[in-house]
Amino acid sequence: MYFLADDERKQLLRYYLPKARELGVAEELRGWNWHQPPLEPVYGAVLALYEVAGRYCPSGRDVFLRRVQGIRGEPNLAMIQGAVLHDILADLLVAAKRAIYLYGTGNYRAICEALEKYAPAPPLPSTGLSEAEAADLLGKMEILCSFERARVLSRLQEVLARHPYIGEDSLANLTIPVVLEQKLNGAFLGLSGNLSTDAFIFSEPMILDLKFGEPRDFHRLGTTGYALVMEALYEFPVNLGCIVYGEFRGDRLIVKRDIHIISDELRQWFIEERDEKARFVAEEIDPGLAGDCPATCPFYRVCRPGG
């Protein structure tokens, strides 16, 4: 899912990277300037990055209910499925890295066998899914694993063929060139100290975010937030993001990637969202009902008890 196709890589190298350098970023909007406006947090409230970047509730009342009222929402089916699919993809890629280190370059057949035997376990009863929903999700997990397993094996063979003297560490890095679930402390920007990116490519560098729902314009706020946090922590520029959309059509997995520049406009939008939602929490302001509450919202029954 995180490996770019040849045309996407060419687009990245020939368009997005030069374009990002050409456009540049206003210095005050780089994450390493977290100690001064406009990045300096105005309020003391600490938010999760998904609370800032998620605009599924148009008024932001979900943040008020969770942080001020202490109400926990009810995860919908898409949220449960997305969490399980994220976990299984990360587990498969980590298992592949583990097999490379365990068996070494001299026994690549054992690496292949370990990957070919990898099979997802059925969703746990604690997910609360019905029998039919769990069966449907298991089918999607198997499709996802089959897709990713084939790509990892192909990359493994290609790297081994091109580098006859390669060691285990380099083989793992070239085969799977992403850091999964990178842990980040967002405290400098008024965010949680336990953030986690889906994946990060250091060579570009680029933030990757995986979605299994419909594309939304605010999804880019997530990659923008992680880019700001990375800049605040490590003080190197992060100019690119990529949202990977997975869609299941029958027994096929369709993958689309939205590569984008972390522009001044996105950075400003993220800061405005952070400050507005932090104000709701710090001053205990109820922003009120949204005009068009989606029925799948985890807080729908709280905001609209009558339906």
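Positions are given from 1, in the same order as the sequence printed here.
In E283, the CD atom is crowded: over 12 heavy atoms of neighbouring residues, nucleotides or ligands sit closer than 6.0 Å. Heavy-atom contacts from other residues, nucleotides or ligands closer than 6.0 Å to NZ of K183 number more than 12. Atom CG of D286 has more than 12 neighbouring heavy atoms from other residues, nucleotides or ligands inside a 6.0 Å radius.
Residues E51 and K277 are not paired through a salt bridge, judged by the lack of any N-O separation under 4.0 Å between the basic side chain and the carboxylate. Remark: D6 does not engage K10 in a salt bridge, criterion side-chain N to carboxylate O under 4.0 Å.
Two residues are said to be in side-chain contact when any heavy atoms from C-beta on lie closer than 4.5 Å; L29 and I271 meet this criterion. Within the 4.5 Å cutoff, the side chain of L191 has heavy atoms near those of the V52 side chain. At a threshold of 4.5 Å between non-hydrogen side-chain atoms, the residues V281 and Y43 do not count as touching. V255 places a side-chain heavy atom less than 4.5 Å from the side chain of V244.
A distance-only check finds a donor-acceptor pair linking the side chain of N76 to the backbone of M79 [under 3.5 Å]. Side-chain atoms of E8 come within 3.5 Å of backbone N or O of A5 as a donor-acceptor pair.
Remark: the S170 side chain and the H163 side chain contain no N/O donor-acceptor pair separated by less than 3.5 Å.
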Under the side-chain contact (heavy atoms from CB on, under 4.5 Å) criterion, do T197 and L208 qualify, and how do the steps go?
CA-CA 7 Å; T197 64; L208 296 109; over 6 Å; no
When you look at Q11 and L4, which way does the side-chain contact (heavy atoms from CB on, under 4.5 Å) test go after all the steps?
CA-CA 10 Å; Q11 194 177 33; L4 301 183; over 6 Å; no
Test side-chain contact (heavy atoms from CB on, under 4.5 Å) on L153 and R149; report intermediate values, then the result.
CA-CA 6 Å; L153 286 171; R149 185 166 46 225; 4.1 Å; yes
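In summary, the aromatic rings of H219 and Y245 are positioned with their centroids under 6.0 Å apart.
Classified by interplanar angle (parallel below 30°, tilted 30° to 60°, perpendicular above 60°), the ring pair Y56/F218 is perpendicular.
Taking the ring centre of F3 as origin, the terminal cationic atom of R155 falls inside the region bounded by 6.0 Å and 45° from the ring axis.
For D198, the side-chain contact (heavy atoms from CB on, under 4.5 Å) test picks out Y2, H86, E181, D209, L210, with sequence neighbours left out.
Of the candidates E231, E27, E28, E273, R267 forms a salt bridge (Lys or Arg N to Asp or Glu O under 4.0 Å) with just one, namely E231.
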